[in-house]
4 protein chains.
Amino acid sequence: MTAVQERSKTRRQRLLDAALEVFTSHGYSDAAIDQIARASDTSKGGLYFHFPSKQALFLALLGEASAALLTDVETAMAAETDPLARGDAALREVLHAFGGHRLLARLLLIDAVGAGKEFAVKLDELHAAFAALIARCLDDAVAQGLIPPQDTRLAAQAWYGAVNHVVLRWLMTGEPRRLEDAYPALRRLLLFGVTGASQEKVR
Amino acid sequence: MTAVQERSKTRRQRLLDAALEVFTSHGYSDAAIDQIARASDTSKGGLYFHFPSKQALFLALLGEASAALLTDVETAMAAETDPLARGDAALREVLHAFGGHRLLARLLLIDAVGAGKEFAVKLDELHAAFAALIARCLDDAVAQGLIPPQDTRLAAQAWYGAVNHVVLRWLMTGEPRRLEDAYPALRRLLLFGVTGASQEKVR
Amino acid sequence: MTAVQERSKTRRQRLLDAALEVFTSHGYSDAAIDQIARASDTSKGGLYFHFPSKQALFLALLGEASAALLTDVETAMAAETDPLARGDAALREVLHAFGGHRLLARLLLIDAVGAGKEFAVKLDELHAAFAALIARCLDDAVAQGLIPPQDTRLAAQAWYGAVNHVVLRWLMTGEPRRLEDAYPALRRLLLFGVTGASQEKVR
Amino acid sequence: MTAVQERSKTRRQRLLDAALEVFTSHGYSDAAIDQIARASDTSKGGLYFHFPSKQALFLALLGEASAALLTDVETAMAAETDPLARGDAALREVLHAFGGHRLLARLLLIDAVGAGKEFAVKLDELHAAFAALIARCLDDAVAQGLIPPQDTRLAAQAWYGAVNHVVLRWLMTGEPRRLEDAYPALRRLLLFGVTGASQEKVR
DNA sequence: AATGAATGAGCGTTCATTCAT
DNA sequence: TATGAATGAACGCTCATTCAT
């Protein structure tokens with residue numbers, strides 16, 4: 001990487017950092033390009049040199065955040081071999097990643113949601129990627145006889161939705177203080193959900 | 001109620017209907033007051049007679065939608081006495097209500113989320129009310145020995161989040177075609193999750 | 001016309017007047033909407049209530065100016081019956097109209113020309129309308145044997161171009177001081193041009 | 001001229017060529033420096049090395065185009081001795097030059113006109129030079145008794161305007177297909193115009 | 001000589017809100 | 001009550017120009 005590319009990368013990164021800050025504190029629509037430029041110690045023109053539009057900037061941010069999150073989770077899962085342990089690792093890592101990056105959580109779980117049709121696709125990709133990761137675990141677990149056969153796609157979504165909502169509550173109400181504290185109870189619920197109890201107990 | 005009040009109520013309702021339509025098809029920020037006025041066969045001035053601001057209109061809409069949803073769910077729950085049957089009824093009713101009112105689902109699950117800080121409180125109230133409803137079921141079930149003791153608040157949130165996300169997927173991808181079709185699998189997951197399996201199977 | 005329409009028309013007219021002033025003093029591109037709004041004692045929003053865009057405002061101005069000019073010329077021509085006298089009247093009226101409305105002349109002969117492709121059509125219509133007016137005179141004159149058969153379309157264009165250019169010189173250099181002073185010499189040239197001299201003299 | 005100067009000249013010419021292309025296809029205001037730089041296989045910085053501003057670039061282009069046109073016409077006129085034959089040669093050459101260089105015609109007759117006050121002077125110089133050329137012919141013709149005494153300045157302008165407008169029509173509507181086809185009729189009109197017919201025929 | 005990243009003033013346009021009628 | 005003309009602050013974006021390399 002040449003010195004020029006280096007500097008350019010720096011500027012681009014500064015812009016993304018500032019954008020994350022501003023978008024998450026005001027919401028997509030209420031975030032002004034001017035504000036982002038100011039927050040990144042750059043000029044409006046400079047921003048538009050690196051990103052062709054506000055939408056593209058947000059999209060880039062979404063892409064980087066999604067990729068970073070997915071990478072983290074995949075890495076954590078790769079360390080385990082047992083299917084359920086991998087699901088467990090995914091849960092732990094998601095809570096850890098979001099817990100350590102509040103803004104990233106806000107971006108993906110709040111700001112991206114109501115931002116407009118243009119971002120629904122990107123968000124959908126993230127959801128799909130996550131659901132696929134979990135569904136794979138569950139499919140493996142079913143294959144190994146660890147859990148009973150079931151609709152693993154839907155279970156994966158429910159899994160993801162449950163985690164999301166706990167994170168959302170944490171974002172909105174601040175409870176639990178440390179997001180990771182939700183781990184034990186959440187783990188229990190999710191595992192039990194897919195493990196299944198005897199029919200007699202439920203009926 | 002006088003005739004004038006009656007007509008006023010009609011107008012107000014027309015405005016709310018139009019607002020639901022426009023807000024859910026464009027998102028809060030991109031929805032124009034002009035559009036809502038036109039869609040409701042009223043004028044901008046007329047809208048401002050009934051609602052003091054765009055924000056207030058959206059808030060009123062959120063309020064009505066939330067209340068309607070909660071009422072439906074509470075009614076459905078009241079028909080059952082067994083705690084777990086009441087939770088089951090809640091699930092069925094939520095899927096039914098959202099499945100029958102796509103716009104309402106969009107409003108609460110998508111548009112209200114990224115609309116801005118001003119609406120976070122309202123959304124929080126809805127979440128809290130729902131969580132309380134479910135948590136009460138679970139507490140009762142624990143008290144009656146139907147399920148093991150657990151963090152019922154968190155379980156309620158996970159429950160709600162799982163349902164939300166399934167509805168969200170339905171909104172975004174159209175799957176499953178009929179939202180109610182998700183009921184059996186979702187029911188199984190949620191009940192098993194709170195019922196708990198034997199420790200041996202999980203470990 | 002109701003009082004509201006009356007006021008609206010007034011405002012619209014004020015906007016057109018201001019637009020003429022600003023467009024002709026800065027050129028289309030360098031004229032700022034802000035300036036026009038200020039010059040018309042209105043607000044930018046008010047301007048956009050009456051005209052959907054800068055382009056549309058300029059187009060409306062061109063339309064009104066063209067129409068006014070054409071009407072004047074047609075009226076002047078209608079007073080004459082002899083074909084050549086009608087052409088003569090057209091010349092006199094054009095010089096008179098432009099001479100009395102410097103801004104209108106600038107608008108049509110200078111500002112509209114380089115303003116962009118979008119206005120070429122409108123300008124073309126004006127040119128075509130004028131050329132048709134003159135060509136009709138010449139055709140009649142040919143039919144009555146007043147002038148020899150010739151390419152009347154092209155002659156009409158040459159006629160129009162000659163007048164245009166004299167007006168243009170007047171706009172740019174201020175000569176002659178009174179535009180109407182160019183009438184006698186111009187009349188002579190144009191009439192001789194179409195009347196035709198004996199072949200012997202030319203060869 | 002050194003090799004470096006040679007290369008510089010080449011670069012300068014490439015810039016002028018690209019500028020002609022871009023200015024005539026977008027108009028002065030809508031032509032972007034970026035576009036010109038790209039079209040000339042240079043950079044923005046490179047452009048600014050050769051020309052201090054957009055205005056100066058356009059002015060240089062105007063100057064070169066004007067000079068080229070005038071040189072062509074003067075050369076063509078120099079080949080003739082008879083005053084009216086020289087005017088005739090001028091007409092032929094103008095139609096030929098514009099007919100063969102559509103972009104040059106656009107530049108001088110359309111783009112330069114509405115581009116702004118800064119270019120009015122340059123345009124005026126061109127008009128004046130042309131008018132002087134024609135006026136000289138006419139003065140000579142008067143002196144030699146070939147045409148009757150008249151306002152030769154104004155006649156020259158009318159001459160020029162008529163030609164201009166025919167070229168303009170060709171640019172805007174594409175008629176006649178070959179600009180040179182307008183020559184015979186135009187020649188007849190212009191010569192007759194200055195030659196003058198007997199008063200009897202006109203009255 | 002040449003590059004292209006960076007600047008920042010300025011523009012056309014939008015839209016929630018107001019208010020005379 | 002209801003209307004819609006009017007307001008004006010704010011926004012996303014452009015682009016001629018500069019300058020470190």
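So that the names make sense, note that chain A is the first sequence line, chain B the second, and so on, each numbered from 1.
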Chemist: Given that C:Thr42 and B:Gly46 both sit by DNA chain F, which one's nearest nucleotide is further toward the 5' end?
Modeler: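 This one resolves to B:Gly46.
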Chemist: Please identify each residue that fulfils side-chain hydrogen bond (donor to acceptor under 3.5 Å, both in side chains) with A:Ser40, with sequence neighbours left out.
Modeler: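 A:Ser40 satisfies side-chain hydrogen bond (donor to acceptor under 3.5 Å, both in side chains) with A:Thr42 only.
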Chemist: I need the CZ-C1' distance between D:Arg38 and F:dA16, as an integer number of Å.
Modeler: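 Rounded to the whole Å, the gap is 14 Å.
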Chemist: Mind checking what makes side-chain hydrogen bond (donor to acceptor under 3.5 Å, both in side chains) contact with D:Asp30, not counting sequence neighbours?
Modeler: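 Here no residue qualifies.
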Chemist: Round to the nearest Å and state the distance from B:Asp41 atom CG to F:dG4 atom P.
Modeler: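 Going from CG in B:Asp41 over to P in F:dG4 covers 11 Å.
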Chemist: Answer yes when B:Asp111 and B:Arg106 have at least one side-chain N-carboxylate O distance shorter than 4.0 Å, and no when they do not.
Modeler: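 Salt bridge: yes.
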Chemist: Once each nucleotide of nucleotides 13-18 of chain E is scored for protein heavy atoms under 4.0 Å, what B/S/- sequence comes out, 5' to 3'?
Modeler: BB-SBB
Chemist: What is the distance, rounded to the nearest whole Å, between atom CG of D:Leu47 and atom C1' of F:dC15?
Modeler: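 Nearest whole value for this atom pair: 13 Å.
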Chemist: Starting the side chain at C-beta, find the nucleotide from F:dA6, E:dT3, F:dG4 nearest to D:Arg11.
Modeler: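 Ranking F:dA6, E:dT3, F:dG4 by closest atom to the D:Arg11 side chain puts E:dT3 first.
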Chemist: Between F:dC13 atom P and A:Phe51 atom CZ, what is the distance in whole Å?
Modeler: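 For the pair A:Phe51 CZ and F:dC13 P, the rounded distance is 13 Å.
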Chemist: Residues in side-chain contact (heavy atoms from CB on, under 4.5 Å) with A:Ser43, at least two apart?
Modeler: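 Not a single residue meets the side-chain contact (heavy atoms from CB on, under 4.5 Å) criterion with A:Ser43.
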Chemist: Does anything in residues 117-127 of chain C pair up under side chain to side chain donor-acceptor pair (under 3.5 Å), and if so which pairs, sequence neighbours excluded?
Modeler: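 As it turns out, there is no side chain to side chain donor-acceptor pair (under 3.5 Å) pair with a partner in residues 117-127 of chain C once direct neighbours are skipped.
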Chemist: Strictly below 4.0 Å: does A:His50 bring a side-chain N or O up to OP1 or OP2 of E:dA6?
Modeler: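 A:His50 to E:dA6 OP1/OP2: side-chain N or O found under 4.0 Å.
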Chemist: Looking at residues at least two apart in the chain, or sitting in another chain, which of them share a side-chain hydrogen bond (donor to acceptor under 3.5 Å, both in side chains) with D:Thr24?
Modeler: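 Testing D:Thr24 for side-chain hydrogen bond (donor to acceptor under 3.5 Å, both in side chains), a comparison that skips the adjacent residues, returns none.
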Chemist: Using atom CZ of A:Phe58 as one end and atom C1' of F:dG12 as the other, report the distance to the nearest whole Å.
Modeler: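 Nearest whole value for this atom pair: 16 Å.
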Chemist: Using atom CD of A:Gln35 as one end and atom P of F:dA9 as the other, report the distance to the nearest whole Å.
Modeler: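 Taking atom P of F:dA9 as the reference, CD of A:Gln35 is at 18 Å.
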Chemist: Can you list everything that forms a ring pair (Phe, Tyr, Trp, His ring centres under 6.0 Å) with B:Phe119? Sequence neighbours excluded, please.
Modeler: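 B:Phe119 satisfies ring pair (Phe, Tyr, Trp, His ring centres under 6.0 Å) with B:Tyr28, B:Phe58 once adjacent residues are dropped.
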Chemist: To the nearest angstrom, how far is C:His26 atom NE2 from E:dG10 atom P?
Modeler: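 Distance check: C:His26 NE2 to E:dG10 P gives 14 Å.
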Chemist: Quick one: list whatever passes salt bridge (Lys or Arg N to Asp or Glu O under 4.0 Å) with C:Lys44, sequence neighbours left out.
Modeler: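 Scan of C:Lys44 (salt bridge (Lys or Arg N to Asp or Glu O under 4.0 Å), adjacent residues dropped) gives C:Asp34.
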Chemist: In whole angstroms, how far is the P atom of E:dT7 from the CG atom of A:Leu15?
Modeler: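 The answer, rounded to whole Å, is 9 Å.
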Chemist: Counting Watson-Crick and G-U wobble pairs whose two distances are both under 3.5 Å, find the runs of 3 or more in a row that involve DNA chain F.
Modeler: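 Output for stems: E:2-21 with F:2-21.
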Chemist: Decide yes or no for D:Leu62 and D:Leu126: does some side-chain heavy atom of the first lie under 4.5 Å from some side-chain heavy atom of the second?
Modeler: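 The answer is no; the side chains never approach within 4.5 Å.
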